[in-house]
Q: 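The structure is given below, and queries will be raised subsequently.
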Amino acid sequence: MTLQTAIESKVRSAFEAAGFDPALGTVRPSDRPDLADFQCNGCLAAAKRYRMAPQAAYEKVAAHLEGGFETAFAPPGFLNVRVTEEGLLGRAASLAGDPRFGAGTPAEGRRLLLDYGGPNVAKEMHVGHLRSSLIGEGLRRLLAFAGAMVEGDVHLGDWGLQMGQVIAWIEEDVPEALDGAPFDMDDLRRWYPAASARSKEDEEFLARARRVTAALQAGEPRYRAIWDRMMEVSKAGLRRDFDRLGVGFEYWYGESRYQGMLDGMVDDLLARGVAEEDDGAVIIRFEEKLPPLILRNSRGGYGYGATDLATIKDRVDEGMAGGAPDAMLYVVDARQKLHFRQVFAAAGRAGYVSRDRLEHIAFGTVNGPDGKPFKTRAGGVMRLKDLADMMLEAATERLKERGEVDTDTAEQVAMAAVKFGELSHDREQNYVFDVDAFTRFEGRTGPYLQYTAVRLESLRAKAAEVGIEPGAPTLGTGTRELILALDAFPAQLDRAVAQRKPSVLAMHAYDVANRINACYAANRILGAEDGAGHLALLLLARRQLVLILGILGIEVPAEM
RNA sequence: GGGGCGUUAGCUCAGCUGGAUAGAGCAUCCGACUUCUAAUCGGACGGUCGAGGGUUCGAAUCCUUCACGCCCCGCCA
């Protein structure tokens with residue numbers, strides 16, 4: 001049990017014993033660490049509800065409080081709690097024997113299917129894919145740690161007009177490829193944007209792309225063959241990018257998987273009166289002021305409304321390992337919010353799955369320093385690989401200042417900067433992608449967290465050399481703050497899980513690291529009388545830090 | 001026109017759902033390595049919380065109006 005929950009339980013009982021609503025006894029970390037470790041604001045509410053002075057309410061509650069902590073009244077009506085030194089040391093001792101640091105399993109037994117990544121075939125991944133990939137992977141690890149059974153599906157954009165566009169482009173510009181001439185990711189990287197750009201300005205080309213799309217979907221062998229090869233080349237490239245980020249999936253399904261289901265699904269929905277025809281298109285209407293979802297356009301083609309709905313049906317029917325998921329989580333750009341509301345409502349209406357089992361984990365746009373969606377100086381989007389290489393170069397430069405550069409270490413540092421840079425932001429907000437800020441490794445960054453862990457390991461080794469082994473934790477400058485931070489982990493985990501936000505844990509990790517470093521600076525280990533006790537505490541904190549970094553997908557190098 | 005999100009320190013962002021003196025990082029300035037990794041630590045500077053009105057003991061937080069910005073709105077995904 002954490003200090004916070006233990007104290008809260010006592011405070012609530014005291015409120016009850018005093019004749020007040022126990023719900024008023026909510027305890028939280030204090031806003032004023034100079035005055036208290038925890039605070040309860042319930043006396044203010046009690047004063048109002050039971051018509052008495054806040055201090056009188058406090059006196060009544062305090063009369064029933066005892067054990068392990070000191071309380072004080074502070075105007076206008078705060079109940080301040082200070083943990084005793086014995087209480088702190090006791091908590092440190094109990095944490096030392098707990099690999100999970102008191103963390104519960106708020107997602108225990110839940111079977112969750114996570115849809116994230118979502119790259120398009122034939123198109124290289126760029127910085128825009130970072131958010132979905134890293135938030136998705138972070139959530140997967142977070143939820144798994146919280147006791148859930150989680151599986152991920154990359155949900156490739158491998159079908160539809162975009163594919164027709166590229167094939168139409170190939171047919172015209174590099175017809176030999178259609179006849180079997182080899183091509184690679186670099187070729188695809190040129191073709192896709194060219195095809196996409198041309199579709200916007202050349203109506204005739206767009207019309208042709210539509211015909212190609214229809215033919216591909218109808219199974220035209222030559223188109224199908226080149227599509228297969230594009231998939232092969234593309235997936236290999238995507239795997240490289242995902243591997244480098246440490247992002248993995250159980251399923252590499254794509255939109256193409258559901259194509260065979262669409263006719264039957266739409267017919268069924270029409271027959272059951274869930275869907276209806278309108279202007280030649282098939283749509284689902286909603287009672288709420290929600291625009292209808294288009295399943296099939298007037299030309300008989302299917303868009304992603306139909307595909308996404310079929311995906312849900314398939315995930316319920318085929319499920320994950322061991323059956324249907326309890327919930328499906330979509331880590332997708334916030335701009336798709338309306339679309340998912342429609343699709344989720346449609347899934348509910350169709351009877352595939354109830355809406356409360358579908359969640360859109362929306363995230364904001366990555367903007368450039370100008371406040372508009374991020375573009376490179378050249379005006380294009382930055383490739384994921386280019387970003388990673390740029391980070392690697394920056395990390396290598398930094399490591400050079402210390403001596404020999406280990407390539408793996410440089411890569412770990414670079415990825416830590418990328419991941420923490422992403423995961424420390426609230427996913428729901430847009431954020432500014434600033435190259436200079438990203439390649440800085442000081443302050444609230446991934447490398448700072450790694451550095452904190454690395455120097456402690458170094459310290460442990462040096463201490464061992466001179467015969468200092470971690471002993472029973474002792475208190476010193478900054479140790480109170482450190483133990484309180486470690487104690488807060490279970491609550492932060494609960495919050496991160498409830499809000500589906502790895503960023504909550506990222507912030508907590510920084511908090512822990514910050515306090516570790518303060519202790520490190522203030523308390524000498526080697527040659528100090530209580531060195532063994534402080535070392536124990538630092539290493540305990542390091543263990544929690546490394547645990548959280550693991551959840552965030554950040555590795556800790558041996559040296560840096 | 002309808003809807004969503006946002007506006008907090010020079011910059012980038014927190015602020016645990018109504019509480020104390022609104023907090024970090026970066027930037028700037030001042031300190032701290034002959035002894036454990038200075039990618040660090042300590043301190044200073046810096047804010048009419050977009051504007052007005054309201055709700056109440058109390059508002060960055062809730063309601064409302066307005067301004068500005070980004071985004072979405074039946075046959076692209």
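Order of the sequence lines sets the chain letters (A, B, ...), proteins ahead of strands, with each chain counted from 1.
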Q: Say we look at B:G31 and B:C68: how far apart would their P atoms be, to the nearest angstrom?
A: 48 Å
Q: Does the plane of the ring in A:Tyr431 sit parallel, tilted or perpendicular to the ring in A:His425? Use 30° and 60° as the thresholds.
A: parallel
Q: Can you find a donor-acceptor pair, distance only, under 3.5 Å between A:Gln39 side chain and B:A20 base?
A: yes
Q: Check every strand shown and say whether A:Tyr448 touches a base, only sugar-phosphate, or nothing at a heavy-atom separation below 4.0 Å.
A: sugar-phosphate
Q: Does the base of B:A20 carry an N or O that pairs as donor and acceptor with the side chain of A:Asn80 under 3.5 Å?
A: yes
Q: Nearest to the side chain of A:Asn41, which nucleotide is it out of B:A14, B:G19, B:A20?
A: B:G19
Q: Does a side-chain N-to-carboxylate-O contact under 4.0 Å join A:Asp436 and A:Arg440?
A: no
Q: Is the distance between the ring centroids of A:Phe420 and A:Tyr510 under 6.0 Å?
A: no
Q: Could you please name the option among B:A20, B:C75, B:C71 that lies closest to any side-chain atom of A:Asp31?
A: B:A20
Q: Closer to the 5' end of RNA chain B via nearest nucleotide, is it A:Glu401 or A:Leu44?
A: A:Leu44
Q: Where does the angle between the aromatic ring planes of A:His155 and A:Tyr258 fall among parallel (under 30°), tilted (30 to 60°) and perpendicular (over 60°)?
A: tilted
Q: Taking the same atom, C1', in B:C13 and in B:A51, what whole-Å distance lies between them?
A: 23 Å
Q: Can you tell me which nucleotide in B:C5, B:A14, B:G19 comes closest to the side chain of A:Met507?
A: B:A14
Q: Specify the separation, in whole Å, of atom CG of A:Asn430 and atom P of B:U12.
A: 13 Å
Q: At 4.0 Å (heavy atoms only), tell me whether A:Leu535 reaches a base, stays on the sugar-phosphate, or touches nothing.
A: nothing
Q: Please report the distance separating the P of B:U28 from the corresponding atom of B:U65, rounded so that it comes out in whole Å.
A: 45 Å
Q: Taking the six-membered ring for Trp, are A:His339 and A:Tyr304 ring centroids under 6.0 Å apart?
A: yes
Q: Heavy-atom count around A:Glu276 CD within 6.0 Å, excluding the residue itself: above 12?
A: yes
Q: Measure the distance from CG on A:Asp426 to P on B:G23 and round it to the nearest whole Å.
A: 21 Å
Q: Start at the 5' end of RNA chain B and walk down; is the nucleotide closest to A:Ala334 or to A:Arg28 reached first?
A: A:Arg28
Q: Roughly how far apart, to the nearest Å, are B:G52 and B:U7 at atom C1'?
A: 16 Å
Q: If every non-hydrogen atom of A:Glu277 is compared with every non-hydrogen atom of A:Val282, which pair is closest and at what distance?
A: CG-CG2, 4.2 Å
Q: Would you indicate whether A:Gln499, at its atom CD, is surrounded by more than 12 heavy atoms from other residues, nucleotides or ligands within a distance under 6.0 Å?
A: yes
Q: Taking atom P of B:A77 as reference, at what distance in whole Å does atom CG of A:Leu216 sit?
A: 13 Å
Q: Rounded to the nearest Å, what distance is computed from the NE2 atom of residue A:His339 to the C1' atom of nucleotide B:C76?
A: 12 Å
Q: Does B:C72 adopt a syn or an anti glycosidic conformation, taking syn as a chi angle within 90° of 0?
A: anti
Q: Atom CG of A:Leu293 and atom P of B:A77: how far apart are they, to the nearest Å?
A: 11 Å
Q: To the nearest 0.5 Å, tell me how far A:Ser196 OG sits from A:Gln162 CD.
A: 9.5 Å
Q: For RNA chain B, which residues of residues 301-311 of chain A approach it to below 4.0 angstrom with any heavy atom?
A: A:Tyr302, A:Gly303, A:Tyr304
Q: Classify the side-chain pair A:Asp314/A:Tyr253 by whether it contains a donor and acceptor separated by less than 3.5 Å.
A: no
Q: In whole angstrom, what separates A:Tyr330's OH from B:A77's C1'?
A: 15 Å
Q: With rounding to whole Å, what would you report as the distance between B:G46 and B:C33 at their C1' atoms?
A: 29 Å
Q: Syn versus anti for B:U55, judged by chi lying within 90° of 0?
A: anti
Q: Salt bridge or not for A:Glu442 and A:Arg398, using N-O below 4.0 Å?
A: yes
Q: Atom CD of residue position A:Glu203 - does it have more than 12 heavy atoms of other residues, nucleotides or ligands inside 6.0 Å?
A: no
Q: What is the nucleic acid contact for A:Arg398, judged by heavy atoms within less than 4.0 Å: base, sugar-phosphate only, or nothing?
A: base
Q: Do any side-chain nitrogens or oxygens of A:Arg299 fall under 4.0 Å of OP1 or OP2 in B:C76?
A: yes
Q: Are any of the side-chain nitrogens in A:Lys462 or A:Glu465 under 4.0 Å away from the carboxylate oxygens of its partner?
A: no
Q: Have a look at A:Gln336 and say if it touches a base, only the backbone sugar-phosphate, or nothing, with a 4.0 Å heavy-atom cut-off.
A: base
Q: Contact class for A:Leu399 vs. all strands (heavy atom < 4.0 Å): base, sugar-phosphate, or nothing?
A: base
Q: Nearest to the side chain of A:Gln162, heavy atoms from C-beta on, is which of B:A77, B:C73, B:C75?
A: B:A77
Q: Which nucleotide wins on minimum distance to the side chain of A:Lys337, given the candidates B:C16, B:G4, B:A14?
A: B:G4
Q: Hey, does the side chain of A:Arg335 come within less than 4.0 Å of B:C70's phosphate (OP1/OP2), counting only N and O?
A: no
Q: Looking only at atom P, what distance separates B:C66 and B:C71, rounded to whole Å?
A: 22 Å
Q: Given atom CG of A:Leu423 and atom C1' of B:C13, what is their separation to the nearest angstrom?
A: 15 Å
Q: Kindly express the pairing pattern of RNA chain B in dot-bracket notation, using | wherever a base pairs with another strand and counting only Watson-Crick or G-U pairs under 3.5 Å.
A: (((((((..((((.....[...)))).(((((.......))))).....(((((..]....))))))))))))....
Q: Any side-chain N or O of A:Arg210 under 4.0 Å from OP1/OP2 of B:C76?
A: yes
Q: Looking across every strand, which nucleic acid part, if any, lies under 4.0 Å from A:Ala437 by heavy atom: base, sugar-phosphate, or nothing?
A: nothing
Q: Given the C1' atoms of B:C30 and B:G19, what is the spacing between them in whole Å?
A: 35 Å
Q: Can you measure A:Leu79 atom CG to B:A20 atom P for me and round it to whole angstrom units?
A: 16 Å
Q: With no hydrogens and no angle check, just 3.5 Å: does a side-chain donor-acceptor pair link A:Glu255 and A:Thr307?
A: no
Q: Which nucleotides of nucleotides 24-37 of chain B have their base under 4.0 Å from a protein heavy atom (B), which only their sugar-phosphate (S), and which neither (-), written as one string 5' to 3'?
A: SSS--------BBB
Q: If we ignore angles and hydrogens, is there a donor and acceptor under 3.5 Å between the side chains of A:Tyr58 and A:Thr71?
A: yes
